[in-house]
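One structure is given below, encoded as structure tokens.
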Amino acid sequence: MHSQKTPRNGLSCKMVLQAVGKVLRKSKTKPNGKKPAEEKKHYMEPEYTKVRVMDFDLKHLVALPTREIDLNEWLASNTTTFFNLINLQYSTISEFCTGDTCQAMTACNTIYYWHDERGKKTKCTAPQYIDLVMTFVQKLVTDEDIFPTKYGKAFPNSFESLVKKVCRFLFHVLAHIYCSHFKETVALELQGHLNTLYAHFIVFVREFNLIDPKETCIMDDLSEVLCAPLPPLPHNHVTER
């Protein structure tokens with residue numbers, strides 16, 4: 001689950017904490033005791049949005065392969081992959097996402113509440129909410145009756161609605177990482193991975209109408225920037241390896 005962490009090569013936990021601490025201390029000053037203005041969206045700064053792991057045609061990447069695979073199989077495969085990747089991305093900053101630092105599950109000015117199977121609405125800390133999300137999704141994607149892996153086994157009639165629910169939850173996690181833990185992500189030099197994962201996910205859910213645009217509109221500014229192709233490199237550009 002998301003609590004498992006894989007340390008980066010050559011980076012001790014102490015070094016990571018020191019790097020993150022330096023970044024965070026710069027933003028904690030409150031001049032003259034006044035209430036600080038709404039925090040700037042650092043993830044929208046060009047120096048960060050231009051960073052990707054690689055640049056490729058996302059529309060082509062998410063499109064259903066013609067006559068090669070069933071739609072539900074394609075949705076199942078991609079949804080499971082996104083769950084694993086977003087779970088892994090969150091694990092890189094999870095030690096900084098605590099009940100003290102994130103007392104509610106927020107993204108921009110939105111607070112997300114957890115609704116249990118009986119519909120009871122509960123306000124959770126961000127780590128509690130994300131743990132509930134990951135546990136719920138893990139149970140779904142490993143349920144052979146919902147995400148069948150054996151040849152010839154049919155998908156349930158509720159499959160598409162469940163995929164939409166999973167994607168909505170995963171979007172909440174990504175939005176929270178950007179809005180509450182982007183500085184830690186930059187300190188870990190993982191903003192390129194986060195940007196690439198987010199853009200891939202958004203193009204996928206748009207392609208198959210898996211999330212209501214009203215749900216994702218809080219991050220539309222970022223989505224439009226990251227989902228647009230990067231400008232071509234100059235002809236005289238030399239890549240160092």
For side-chain contact (heavy atoms from CB on, under 4.5 Å), just list the numbers for Phe96 and Thr185, CA-CA rounded to whole Å, side-chain angles, deciding distance to a tenth of an Å, and then say yes or no. CA-CA 10 Å; Phe96 309 109; Thr185 300; over 6 Å; no
Check whether any side-chain heavy atom of Phe182 sits under 4.5 Å from a side-chain heavy atom of Leu194, and report yes or no. yes
Assess whether side-chain contact (heavy atoms from CB on, under 4.5 Å) is satisfied between Ile69 and Leu64, documenting all intermediate values. CA-CA 7 Å; Ile69 190 170; Leu64 179 68; 3.5 Å; yes
Considering only heavy atoms from C-beta outward, does the side chain of Ile86 approach that of Leu197 to under 4.5 Å? yes
Checking Arg118 side chain against His115 main chain: does a donor-acceptor pair fall under 3.5 Å? no
Please output the side-chain donor-acceptor pairs of residues 72-79 that fall under 3.5 Å, not counting sequence neighbours, one pair per line with the distance.
{"from": "Trp74", "atom 1": "NE1", "to": "Val62", "atom 2": "O", "distance (Å)": "2.9"}
{"from": "Asn78", "atom 1": "ND2", "to": "Trp74", "atom 2": "O", "distance (Å)": "2.8"}
{"from": "Thr79", "atom 1": "OG1", "to": "Leu75", "atom 2": "O", "distance (Å)": "2.6"}

Working to the nearest 0.5 Å, report the span between CH2 of Trp114 and CG of Asp131. 9.5 Å
Does any N or O in the side chain of Gln128 come within less than 3.5 Å of the main-chain N or O of Thr125, such that one atom is a donor and the other an acceptor? yes
Pairs flagged by side-chain hydrogen bond (donor to acceptor under 3.5 Å, both in side chains) wherever residues 199-209 is involved - sequence neighbours left out: Lys59-Glu207, Arg206-Glu224
Return the CG to SG distance between Asp221 and Cys108, rounded to the nearest 0.5 Å. 7.0 Å
For the hydrophobic clusters of this structure (ILVMFWY residues joined by side-chain heavy atoms under 4.5 Å, transitively), does one cluster hold both Ile111 and Tyr129? no
Do His193 and Leu85 make a side-chain contact, defined as non-hydrogen atoms from C-beta onward lying under 4.5 Å apart? no
If a pair satisfies salt bridge (Lys or Arg N to Asp or Glu O under 4.0 Å) and one of its residues is in residues 151-169, list it, with sequence neighbours excluded. Asp145-Lys153, Glu160-Lys164
Less than 4.5 Å apart, side chain to side chain, heavy atoms only: is that true for Val173 and Phe83? no
Contact summary for Leu210 and Cys167, nearest pair of heavy atoms: CD1-SG, 4.0 Å
Does Phe171 reach the side chain of Phe82, with side-chain heavy atoms less than 4.5 Å apart? no
Scanning both residues in full, the closest heavy-atom pair of Ile218 with Lys41 reads O-NZ, 4.3 Å
Would you name the heavy atoms of Tyr48 and Tyr43 that are closest together and state the gap between them? CB-O, 4.4 Å
CG/Asn157: more than 12 non-hydrogen atoms of other groups inside 6.0 Å: no
Side chains of Thr98 and Thr101, donor plus acceptor under 3.5 Å: yes
Testing the basics here: between Arg52 and Leu226, what is the closest heavy-atom pair and its distance to 0.1 Å? NH1-O, 3.3 Å
Do Cys179 and Thr106 come close enough that some side-chain heavy atom pair is under 4.5 Å? no
Given side-chain contact (heavy atoms from CB on, under 4.5 Å), test Phe155 with Leu162 step by step and report yes or no. CA-CA 11 Å; Phe155 287 85; Leu162 289 172; over 6 Å; no
Between Gln89 and Tyr198, is there a donor-acceptor pair closer than 3.5 Å when you use the side chain of the first and the backbone of the second? no
CD/Glu144 to NZ/Lys150 distance, rounded to the nearest 0.5 angstrom? 5.5 Å
Heavy atoms, side chains only, cut-off 4.5 Å: are Cys97 and Glu184 in contact? no
Roughly how far, to the nearest 0.5 Å, is the CD1 atom of Ile202 from the OG atom of Ser223? 4.0 Å
Hey, does Val133 have a side-chain heavy atom less than 4.5 Å from the side chain of His172? no
Can you tell me how far OG1 of Thr110 sits from CD of Glu215, rounded to the nearest 0.5 angstrom? 8.5 Å
Gln191 side, atom CD; Lys50 side, atom NZ - distance, nearest 0.5 Å: 11.0 Å
Are Tyr113 and Leu170 co-members of a hydrophobic cluster defined by side-chain heavy atoms under 4.5 Å apart? no
Closest contact, heavy atoms only, Val225 versus Met44: CG2-CE, 3.8 Å
Taking all non-hydrogen atoms of both residues, which atom of Thr92 and which atom of Leu188 are closest, and how far apart? O-CD1, 3.3 Å
